[in-house]
There are 2 protein chains.
Amino acid sequence: MKLSVRGEYALRALLVLGLNYGDHVVRIQTISDDQKIPKRFLEQILNDLKSAGIVESKRGLAGGYRLARHPRDITLAAVVRHIEGALAPVSCVSERYYEKCSCPDETRCPIRNVMKEVREAVVKIVERVTVAELCERAQRLKEEPLSALDYII
Amino acid sequence: MKLSVRGEYALRALLVLGLNYGDHVVRIQTISDDQKIPKRFLEQILNDLKSAGIVESKRGLAGGYRLARHPRDITLAAVVRHIEGALAPVSCVSERYYEKCSCPDETRCPIRNVMKEVREAVVKIVERVTVAELCERAQRLKEEPLSALDYII
DNA sequence: TAGAATCTCTACTGTTTCACTCAAGTTTAT
DNA sequence: ATAAACTTGAGTGAAACAGTAGAGATTCTA
């Protein structure tokens, strides 16, 4: 998995929507200001997330976006898969975006074998982490003093 | 981590060199035929691996490539890092290819927090797996009957 | 009901990356 | 000498990336 700027923006926008989860709707402009994301670009991205059923919108004055589901039901995996495509490092180990690769014998390819492990490790994390957890982590990070690790890693 | 075709070719070439590790040298043409990699492209890649000290060459007739170190001392991490750059899903969590991202407060960004975990999970695998292990796996995969899992995952 | 603020949709654009390809050179075994 | 190999640097067409632009549709408010 490699996140493009687009994917990163998507996650950051969803974080804002998660932190503001409730009845009301958040304007693009607000998210754009808060997260320093180019507005027109963000429009595209949110629209895209809407078509994926991750987000819903209200039009007109006092319009904006909100999460289409509970933050607890939106996994990072779903978001990244929709924006970026495969989570796997090579498409021959991808479940949803599988593509045959050119190697002589895919079923006995040791590289593929390792890449499967990588894929599993990544999926295990992003399938477990939801927007709700992102919000909790944000809370925790705000309260906790910074650990030394933050500077090293 | 996302592997480009280039990176995949690099690993496959190294696998061949690993399987032929010894005194003699392997020709580009041989690797190209064996792995179905466009020859001129492979030349570039091997040259690149040479500049990284991963591989060494002998010129002239009866020339070719061999591993510059013992297969046990070449990790996938080193190879991928040289060919693709960062292993991390976003550069703000990369150790060697760090780049600041545009988010309001990097040290308290929960997305970054998750991406760190992803990075760690990936690094843990590719830093442990060497070309030697790739060869062992190739051996094992050749001998073992295919497990049902191979078709599902 | 006019107008302004919002989302919607499509298209465009400049830059970079990707996956090669090509040409001309250097080295070395026979 | 020659042919088969690596070396080096440049070129190329297509696609992806990160936006930008414009015209339109919707809806709240005055």
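- Between the C1' atom of D:dC6 and the NZ atom of B:K50 lies a distance of 8 Å, rounded to the nearest Å.
- Residues A:V25 and A:A62 approach most closely at CG1-O, 3.9 Å, considering heavy atoms.
- Shortest non-hydrogen contact noted between A:N20 and A:V16 is ND2-O, 2.8 Å.
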Write out a two-atom table: protein N or O, nucleotide N or O from nucleotides 27-30 of chain D, distance below 3.5 Å.
unit_1, atom_1, unit_2, atom_2, d
D:dT27, O2, A:L61, N, 3.4

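- Annotation for B:T130 and B:P71: closest pair CB-O, 3.5 Å, computed over non-hydrogen atoms.
- Going from atom CD1 of B:I45 over to atom C1' of D:dC6 covers 15 Å, rounded to whole Å.
- Applying the ring-ring contact (aromatic ring centres under 6.0 Å, His included) rule to A:H82 yields no partners; only residues at least two apart in sequence or on another chain are considered.
- Here D:dA23 presents its P atom at 11 Å from CZ of A:R40, a figure rounded to the nearest Å.
- Residue-level contact check: A:Q29 touches neither bases nor backbone, having no heavy atom under 4.0 Å from any strand.
- Panel note: side chain A:R108, backbone B:K142; a donor-acceptor pair is recorded below 3.5 Å.
- In this model, the phosphate group of C:dC9 is approached by a side-chain N or O of A:N47 to a distance below 4.0 Å at OP1 or OP2.
- One can place NE2 of B:H24 at 15 Å from P of D:dA5, the figure rounded to the nearest angstrom.
- The only option from B:V114, B:V118, B:N113 that meets the side chain to side chain contact (heavy atoms under 4.5 Å, CB included) definition with A:V129 turns out to be B:V114.
- The minimum heavy-atom distance between B:L46 and B:V55, with the atom names listed, is O-CG1, 3.9 Å.
- The phosphate of D:dT7 (OP1 or OP2) has a side-chain N or O of B:S57 nearer than 4.0 angstrom.
- Contacts between residues 63-70 of chain A and DNA chain C, defined by a heavy-atom separation under 4.0 Å, are made by A:G63, A:G64, A:Y65.
- In this structure, B:R6 contributes its side chain and B:I83 its backbone to no donor-acceptor pair below 3.5 Å.
- The backbone N or O of A:I37 sits less than 3.5 Å from a side-chain atom of A:S32, completing a donor-acceptor pair.
- The distance from atom CG of B:L46 to atom C1' of C:dC20 is 15 Å, rounded to the nearest whole Å.
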Under 3.5 Å, which donor-acceptor pairs do the side chains of residues 97-106 of chain A form with other protein atoms, sequence neighbours left out?
unit_1, atom_1, unit_2, atom_2, d
A:Y97, OH, A:R81, O, 2.9
A:Y98, OH, A:E106, OE1, 2.6
A:Y98, OH, A:E106, OE2, 3.3
A:S102, OG, B:R12, NH1, 3.1
A:S102, OG, B:R12, NH2, 3.4
A:D105, OD1, A:T107, N, 3.2
A:D105, OD1, A:T107, OG1, 2.8
A:E106, OE2, A:C101, N, 3.1

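- The existence of a salt bridge linking B:R119 and B:E95 is confirmed by a sub-4.0 Å separation between a basic side-chain nitrogen and an acidic carboxylate oxygen.
- Using modelled atom types, one side-chain atom of A:E84 and one backbone atom of A:S4 make a donor-acceptor pair closer than 3.5 Å.
- Terminal axes of the helix from C:dT1-D:dA30 to C:dT30-D:dA1 (five pairs each, C1' rotation axis) are separated by 10°, to the nearest 10°.
- The CD1 atom of B:I37 sits 13 Å away from the P atom of C:dA19 (whole-angstrom rounding).
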Which parts of nucleotides 9-19 of chain D does protein reach within less than 4.0 Å, heavy atoms only, written one letter per nucleotide 5' to 3' as B for base, S for sugar-phosphate only and - for none? -B-------SB

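- In this entry the distance linking CG of B:D48 with P of D:dT8 reads 12 Å, nearest Å.
- Checked for salt-bridge contact, B:R137 and B:E143 miss the test: no charged N lies under 4.0 Å from a carboxylate O.
- Scanning both residues, B:V79 and B:A10, for their nearest heavy atoms gives CG1-CB, 4.4 Å.
- In this structure, A:E56 places its CD atom 16 Å from C1' of C:dT6, rounding to the nearest Å.
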